[in-house]
Protein chains: 2
Amino acid sequence: MLGISISTVSRALKDHPDISDKTKLRVRELADALDYEPNTNAIHLRTSKNNLFGLIVPSVANFFYDSFIAAVEEECRKSGYTLLILQSGDDSRSEQDSVKLCRQNRVAGVFTCLTSGNTNIDLYKKLKNTGVPVIFFDKVPDDNEEIKVCMADAGSAIIAAGTIVEKNKKKLLALFGNPGLSITKKREKAFLEVTGNNLQVLVHHVDNPEEAKAVTAAALQQQPDSLFCMSDEILTGAMKAVLEAGLKVPDDIAVITISNGFIPKLYHPDITYVETSGYKLGKLAFTTMMENIAGDQAPKELIVESVLVPGGSI
Amino acid sequence: MLGISISTVSRALKDHPDISDKTKLRVRELADALDYEPNTNAIHLRTSKNNLFGLIVPSVANFFYDSFIAAVEEECRKSGYTLLILQSGDDSRSEQDSVKLCRQNRVAGVFTCLTSGNTNIDLYKKLKNTGVPVIFFDKVPDDNEEIKVCMADAGSAIIAAGTIVEKNKKKLLALFGNPGLSITKKREKAFLEVTGNNLQVLVHHVDNPEEAKAVTAAALQQQPDSLFCMSDEILTGAMKAVLEAGLKVPDDIAVITISNGFIPKLYHPDITYVETSGYKLGKLAFTTMMENIAGDQAPKELIVESVLVPGGSI
DNA sequence: AACAATTTCGCAAACGTTTGTTGTAAAAAC
DNA sequence: GTTTTTACAACAAACGTTTGCGAAATTGTT
């Protein structure tokens, strides 16, 4: 339309010094008038650089992950990246599909949280081998060749256990998540080291709120004086059982959990929790990704420290 | 590597009848061995068809939107579409950026929820004019040339009010959200029409859970026999006050709310709620999108009807 | 054995960009 | 007046696919 070549237009649009101001102006005006937007597909194809990150998460509808996602998305926007958010539905098949989608879209990097039972990270290793950095978050593999950002799994468990010991509790019902996950192992190990011989601990593993509720209901028969939950998900199930049993918190049973903070504040009294912030973790994950892209590809495990947020439940 | 041309490989991979079974097999085996994944950028560029939808939402960290997103993402996956999820942060500048991103990525369609103050939908109209369908959800424009999917705002209020009247309650504390929002107006108007002269209603407007708690605590002095909350956010605050006051639900006070369903089930007994399902709305939005793409581009406003989900709180 | 029909595949253009190289004026230097 | 520089812009190749068309190889028909 302007009687000039495509390459001149391209350069004009990106303020290349070869192009005269007069031409640049004409080009910009017409581009505006036509509502021109560059085709990112073509750009990525041509430059083989994709400012797109993939994020794989069990579900966006989750109190922890949604804040993680919000944080990452925010940072991506600031840095000119786009985020492809994929749900694995906590199903390893979908997780694989998601990884495939990431590869098909030639993402510049992947944030991923393993599905519950999954210990097979070959797909991710392949990604890494093709030069695509993978940042594992929250549910990370045991493998120590990877880059991982986590909440202070051991640390938060230690704080929680310490609090229970300090309060001189004698019989604790402790609910952990899927025993296959490293997060579970770490929390459990650290937790039990602190409780040690100080008190009797009834350990159970549960996979979802329903199971947590059922297990708790059964375990309450043994009249524990305290309850620890490894996550919000577990807490909601366990509390349901506690409330149904008509127990008073903290007099009949003390409660402490590890949480993002939203759920514990819904109850009365507020449940005391060790804070694990999805938002903070998201920020950390992003900066780690950027460092990786900038060249630092050493395997590492970064930890967001936890703090105890006292409620009235213990 | 196989001594055959690129076009033959392309055809073999998609089971084109021109290609012999023998060749297809060889191609597939090598593709597998090499972990070949087609480059979607190239495909979209070549075919000028993009199986990508954009979704613009104030925040993914939200009880309602997260389930909406989950639903849409799920359906997209089933239909071979990919979802680009963008957060507007309830800021119209970010909203515009998000629309731009959608255009740059040549999305096949956009789902959007307007930011709070926004009444300017020119950008969306432009999108529509370039053949990209736009489905508005939840916070939709007044404009009636658009395609909109919404919850039954009035309908859910009517059901809640009807339930309270039916239970023969006499003094109701009713908490609504920001009176400036159209959703609040619609719900309040419909609600009060149903309650009418049947009972005394103490109406309050609150903007956040803290305010809901404070207002409820004060209003409990007047000993209402029932409590209605317009949203989960309000419910969490109000329930806090109820629990702190040591009231028994439903004996001391009956409770009913409008909700997505997650929060009400945390309490004991379960809070009775009128369901406004982000999940259902997401499914509806998706099918509407697909219909639109299939050719039906008539403006319309679709409503997801609400249903009463009985808990034990009234 | 000659021809037609069929099967199988390669060639080349195109999608919308970017970018190294080359071309051509006009301006500057000699 | 000739050469050199400068400023601007065009050419062409490339990214990884898809696909219409044509060509070669194979098979079938008389």
Side-chain angles (χ1 to χ4, degrees), chain A residues 1-52 54 80-82 84 100-108 127 130-132, chain B residues 1-52 54 80-82 84 100-108 127 130-132:
Chain A
M1 291 178 67
L2 257 28
I4 60 178
S5 76
I6 293 175
S7 44
T8 302
V9 172
S10 175
R11 290 191 169 97
L13 250 16
K14 51 188 39 163
D15 212 22
H16 191 285
D18 266 10
I19 308 298
S20 68
D21 290 344
K22 197 176 46 177
T23 305
K24 281 179 188 168
L25 191 65
R26 294 190 356 175
V27 169
R28 287 200 198 112
E29 280 180 351
L30 185 59
D32 277 353
L34 296 179
D35 282 319
Y36 169 81
E37 292 290 349
N39 183 325
T40 51
N41 284 312
I43 294 175
H44 299 153
L45 184 58
R46 162 63 221 225
T47 61
S48 61
K49 296 207 173 307
N50 203 342
N51 59 340
L52 178 70
Y81 280 85
T82 308
L84 194 60
K100 186 185 283 193
L101 265 175
C102 286
R103 301 190 62 199
Q104 290 176 345
N105 282 282
R106 302 296 190 268
V107 297
L127 258 182
T130 60
V132 179
Chain B
M1 293 177 65
L2 256 29
I4 60 179
S5 75
I6 294 175
S7 43
T8 301
V9 173
S10 175
R11 289 189 171 96
L13 250 16
K14 51 187 40 165
D15 212 21
H16 191 286
D18 266 12
I19 309 299
S20 69
D21 289 345
K22 197 177 45 177
T23 304
K24 282 179 189 169
L25 191 65
R26 292 200 321 149
V27 169
R28 287 201 199 113
E29 279 180 351
L30 185 57
D32 276 353
L34 296 179
D35 282 319
Y36 168 81
E37 292 291 348
N39 183 324
T40 51
N41 285 311
I43 294 175
H44 298 152
L45 184 58
R46 161 65 222 218
T47 61
S48 62
K49 295 205 173 308
N50 204 342
N51 57 341
L52 178 70
Y81 280 85
T82 307
L84 195 59
K100 185 186 281 192
L101 264 176
C102 286
R103 302 190 61 200
Q104 290 176 344
N105 281 281
R106 303 294 191 267
V107 297
L127 259 182
T130 59
V132 179

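Convention: sequence-line order gives letters A, B, ...; per-chain numbering from 1.
- Under the 3.5 Å distance criterion, the side-chain polar atoms of Arg26(A) are matched with a main-chain donor or acceptor of Leu2(A).
- Between the CD1 atom of Ile43(A) and the P atom of dG16(C) there is a distance of 13 Å, rounded to whole Å.
- Contact annotation: Arg26(A) side-chain N/O to dA9(D) OP1/OP2 distance is not under 4.0 Å.
- With hydrogens and angles ignored, a donor-acceptor pair closer than 3.5 Å exists between the side chain of Asp18(B) and the base of dC9(C).
- Both Ser48(B) and Asp21(B) lie close to DNA chain C; mapped to their nearest nucleotides by heavy-atom distance, the more 5′-ward contact belongs to Asp21(B).
- Here Thr8(A) does not reach the OP1 or OP2 of dA9(D): none of its side-chain N or O atoms lies under 4.0 Å away.
- The CG atom of Leu2(A) sits 15 Å away from the C1' atom of dC8(D) (whole-angstrom rounding).
- Panel note: side chain Asn41(B), backbone His44(A); no donor-acceptor pair is recorded below 3.5 Å.
- One N or O on the side chain of Thr130(A) and one on the backbone of Leu127(A) form a donor-acceptor pair closer than 3.5 Å.
- Side chain of Lys49(A) to backbone of Ala108(A): no donor-acceptor contact under 3.5 angstrom is found.
- When the P atom of dC15(C) is taken as reference, atom CD1 of Ile6(A) falls 9 Å away, rounded to whole Å.
- Arg11(B) contributes a side-chain N or O that forms a donor-acceptor pair with the base of dG10(C) under 3.5 Å.
- The side chain of Ser10(B) lies closest to dT19(D) when the candidates are dT19(D), dT17(C), dG16(D).
- Gln104(A) comes within contact range of no nucleotide atom at all, as no heavy-atom separation falls under 4.0 Å.
- When the P atom of dC15(C) is taken as reference, atom CZ of Arg106(B) falls 14 Å away, rounded to whole Å.
- In this structure, His44(A) places its NE2 atom 12 Å from C1' of dG16(C), rounding to the nearest Å.
- When the C1' atom of dT17(D) is taken as reference, atom CG of Asn41(B) falls 11 Å away, rounded to whole Å.
- Comparing atom distances between the Ile4(B) side chain and each of dG10(C), dA10(D), dT17(D) picks out dG10(C) as nearest.
- Each of dT17(D), dA12(D), dC8(D) was ranked by its minimum atom distance to the side chain of Ser7(A); first place goes to dA12(D).
- Leu45(B) places its CG atom 9 Å from the P atom of dC15(C), with the value rounded to the nearest Å.
- Looking at Ser20(A), its side chain has no donor and acceptor atom pair within 3.5 Å of the base of dC8(D).
- When rounded to the nearest whole Å, the span between NZ of Lys22(B) and P of dT7(C) equals 15 Å.
- In the set dA9(D), dG16(D), dT17(C), the nucleotide with an atom closest to the side chain of Ile19(A) is dA9(D).
- Note on Asp21(B) versus Arg28(B): no salt bridge recorded, every NZ/NE/NH1/NH2 to OD/OE distance being 4.0 Å or above.
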